[in-house]
Structure formats: C-alpha cells, structure tokens
Number of protein chains: 2
Amino acid sequence: MNNQLKLENQICFPVYAFSREMTNLYKPFLDELSLTYPQYLVMLILWEEKQQTVNQLGEKLYLDSGTLTPLLKRMEQKGILTRTRSKTDERVVLICTTEAGEKMQEKAALIPEQLVATLGLSIDELQLLKKIVNKALVRKVLA
Amino acid sequence: MNNQLKLENQICFPVYAFSREMTNLYKPFLDELSLTYPQYLVMLILWEEKQQTVNQLGEKLYLDSGTLTPLLKRMEQKGILTRTRSKTDERVVLICTTEAGEKMQEKAALIPEQLVATLGLSIDELQLLKKIVNKALVRKVLA
DNA sequence: CACAATTATATTGTGCACAACTTATATTTG
DNA sequence: CAAATATAAGTTGTGCACAATATAATTGTG
C-alpha cells in the first residue's frame with residue numbers, strides 16, 4: 001500500500017485530533033462560564049473591542065454568518081451580548097457585550113495559564129507550533 | 001486588559017482555525033471521491049486493515065460510537081463499506097471495505113502529495129508540526 | 001433617478017462531535 | 001448458575017461548520 005496513505009503518516013490527522021482534544025481540555029474551564037469554545041473566542045474579541053459587526057467577528061474567526069448568527073443568538077439568549085441593527089446601515093448587526101458579559105472576563109483571565117499547563121508542551125514548543133500554523137493561515141488570508 | 005486573553009496571543013485558536021482550513025483544502029480532492037474528511041480517515045484505516053470493529057476505528061480516530069455509528073451508516077449507504085454483527089460476539093460490529101471502497105484507493109493515492117503542496121509549509125515545518133502535536137496527543141492516550 | 005450589482009445577515013440542509021443515556025450481549029463472581 | 005458488572009454499539013439532543021440560497025438594504029452606473 002502507498003505509504004503516504006497510512007494514517008500514521010498523515011500530518012493533517014494529528015492536527016485535526018489535537019484541535020478537538022484542545023477544546024476538550026478547555027471544557028471544564030468554560031463550563032464554569034457556560035461557554036462553548038467558539039463562544040469563548042467571540043468573547044475574547046468583544047473584551048478587546050466592545051462593539052463588533054457580525055462581519056468583523058467572522059473575519060477574525062474565519063467563520064461565516066451561517067455559523068455566527070445562530071451562535072450569537074444563543075449568546076444573546078444567555079444575556080452576555082446584544083444584537084442590534086445599525087441605525088446608519090440597516091444591513092449591519094452590531095454585537096455588544098452586556099454587563100454580565102463584561103463581568104465574565106475576570107473569571108476567564110485565569111483560563112489561558114491553566115490551559116497551557118494541561119497541554120504538556122513547553123513554551124518553546126507552543127511558540128513554534130503557533131508560528132508554523134500561523135504561516136499557513138496567513139497564506140489563507142491573502143488568498 | 002489581560003494580555004493573555006487577547007485573540008492574537010492565543011495558541012489554541014490558530015490550531016483550531018488551521019484544522020478547519022485543512023479540511024477545506026481537502027474538500028476539492030475528497031469531493032471527487034464523495035467523501036468527507038472524517039470518512040476519508042476511516043477509509044485510510046480500512047485500506048491498511050480491511051476489517052475493523054467500530055471500537056478499533058474509534059480508538060485510532062479518538063471518536064466514539066455516537067459519532068461513528070451514523071458516519072459509518074452513511075458510508076454503508078454509499079456502498080463503500082459493510083457493517084456486520086460479529087458471529088462470535090454479537091455486541092461487536094465489523095466494518096469491512098467493499099470492492100468499490102477498495103477501488104477508491106487508487107484515486108486517493110494522489111491526495112497526500114497534492115495537499116501538502118497547497119499547505120505552503122516546508123517538509124521540515126510539517127515534520128516539526130507533527131512532532132509537537134503528536135507529543136500532546138500521546139499524553140492523551142496515556143491519560 | 002431607475003435598476004443592476006454589491007454587501008450584510010439570515011435561513012435551510014447536511015454532517016460531524018460529544019455528552020448522556022439506552023439496549024443488548026458477554027463476563028465475572030458470589 | 002444467577003445476579004452483578006462490564007463492554008459494544010446505538011440513540012437522542014445540542015452546538016458547531018459550511019455550502020447554497022434567500023432577503024433586504026446600500027451603492028454604483030447609465
């Protein structure tokens with residue numbers, strides 16, 4: 001059999017498996033905030049910039065409205081953000097954190113460090129991993 | 001704001017985004033085989049070992065029956081594998097490729113090389129990426 | 001200014017992923 | 001050997017992802 005077709009020789013499979021494993025590692029921490037991993041990513045952006053359009057969130061997370069609209073509606077239901085049509089352009093929906101959403105930031109501040117500890121990778125390895133993966137992602141953005 | 005909470009400082013987000021990007025890059029190739037990426041992974045295993053239990057597939061792919069059962073049923077519908085209860089242990093379901101499933105291997109043989117070309121990463125970077133990610137995954141298996 | 005093209009978001013449908021639970025069979029053990 | 005336990009797969013429900021399409025508002029152009 002063609003060696004390149006063997007599962008153990010795949011490069012993408014470990015990345016796919018690791019990505020899922022990562023969100024599992026986040027789970028216990030995010031459960032305390034009643035957030036899923038994608039929802040947590042939205043909150044990270046909103047904590048940096050209180051107001052974002054659906055489009056802006058999509059560009060930063062590489063997600064489209066088909067994914068974001070229902071996700072944001074669920075977060076709105078939880079009372080951690082608001083969705084309002086822009087007055088100046090009725091096509092645009094503005095996403096803002098609520099007070100409850102802002103308050104979650106304190107608890108969330110502890111997550112990154114705890115997560116890195118569970119990953120079992122050195123700082124050097126993490127930096128290298130990020131660098132390589134980002135290189136491939138930048139190519140995508142330019143495409 | 002806590003620097004570690006900034007999206008650009010996250011290590012897991014690039015991995016998550018890259019993992020999704022990867023399956024998008026596979027898409028044009030897998031469309032020709034009418035396979036999704038997880039289905040392709042199942043086929044990789046079956047091409048190596050013609051017969052596998054649902055459990056064995058799950059251990060190799062880190063997936064449970066809740067994911068695999070419907071996925072395998074869809075593949076059975078396509079006529080590329082069979083699902084049969086084991087005679088010696090009625091709890092076990094044996095997954096085997098059909099002739100049609102075996103035949104797909106020829107076409108699939110071209111995929112790995114083409115995919116690596118589209119990733120835009122050097123062989124060294126790919127090897128390093130795999131090594132780092134596998135290190136984190138091995139920890140999981142032992143856990 | 002009308003109308004064609006573009007842009008922003010929403011909707012629908014399919015396929016994972018995973019938690020929690022169920023069902024059926026096999027194994028262990030008192 | 002019967003009851004308890006363990007194991008294998010299936011089911012149900014929720015939440016992404018993403019393609020394809022729809023809807024509505026805005027912008028560009030003749």
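Among the protein residues, Thr53(A) comes within range of the sugar-phosphate backbone only, with heavy atoms under 4.0 Å from sugar or phosphate atoms but none that close to a base.
Not one side-chain nitrogen or oxygen of Asn55(A) sits closer than 4.0 Å to the OP1 or OP2 atom of dT7(C). Arg83(A) has a side-chain polar atom (N or O) that falls below the 4.0 Å cut-off from OP1 or OP2 of dA10(C). At dA10(C), one or more side-chain N or O atoms of Thr69(A) fall inside 4.0 Å of OP1 or OP2 (strictly under the cut-off). The side chain of Lys73(B) places an N or O atom within less than 4.0 Å of a non-bridging phosphate oxygen (OP1 or OP2) of dT11(D). Applying the 4.0 Å criterion to OP1 and OP2 of dA8(C), one finds that Gln56(A) has every side-chain N and O outside that range. Under 4.0 angstrom from either OP1 or OP2 of dC16(D) there lies at least one side-chain N or O belonging to Arg74(A). Contact check, Tyr16(A) against dA17(C): a side-chain N or O comes under 4.0 Å of OP1 or OP2.
In this structure, Leu68(A) places its CG atom 10 Å from P of dA17(D), rounding to the nearest Å. Separating the CG atom of Leu35(A) from the C1' atom of dT14(D) is a distance of 15 Å, rounded to the nearest angstrom. Rounded to whole Å, the distance from CG on Leu72(A) to P on dG15(D) is 14 Å. Here the C1' atom of nucleotide dC18(C) and the CG atom of Leu25(A) are 14 Å apart, to the nearest Å. Atom CG of Asp64(A) is separated from atom P of dT21(D) by 15 Å (rounded to the nearest Å). Between the CZ atom of Arg20(A) and the P atom of dC16(D) there is a distance of 17 Å, rounded to whole Å. If you measure from atom CZ of Arg85(A) to atom P of dT23(D), you get 15 Å, rounded to the nearest angstrom. Distance Tyr26(B) OH to dC18(D) P: 16 Å, rounded to the nearest Å.
Nearest-nucleotide positions on DNA chain D place Leu63(A) closer to the 5' end than the other of Thr88(A) and Leu63(A). The residue among Ser65(A) and Pro38(B) whose nearest nucleotide of DNA chain C is located toward the 5' end is Ser65(A). Of the two residues near DNA chain D, Thr36(A) and Asp89(A), the one whose nearest nucleotide lies more 5' is Thr36(A).
Between the side chain of Arg91(A) and the base of dT9(C), no donor-acceptor pair of N or O atoms lies under 3.5 Å.
Salt-bridge formation is detected for the pair Glu49(A)/Lys60(A): a Lys NZ or Arg NE/NH1/NH2 atom is positioned less than 4.0 Å from an Asp or Glu carboxylate oxygen.
Relative to the side chain of Leu71(A), the nucleotides dA19(D), dC16(D), dA17(C) differ in distance, and dC16(D) lies closest. Nearest to the side-chain atoms of Val93(B) among the listed nucleotides dA9(D), dT9(C), dA25(D) stands dA9(D).
Ring pair Tyr40(B)/Trp47(B) is perpendicular by interplanar angle, where above 60° counts as perpendicular and below 30° as parallel. Tyr37(A) and Tyr16(B) have perpendicular rings, their planes meeting at more than 60° on a 0 to 90° scale where under 30° would count as parallel.
The number of heavy atoms from other shown groups lying within 6.0 Å of NZ (Lys50(A)) is above 12.
Here the side chain of Arg20(A) pairs a donor or acceptor atom with the backbone of Tyr62(B) at under 3.5 angstrom.
Interatomic distance, CG of Leu68(B) versus CE of Met75(B), reported as 10.0 Å (0.5 Å rounding).
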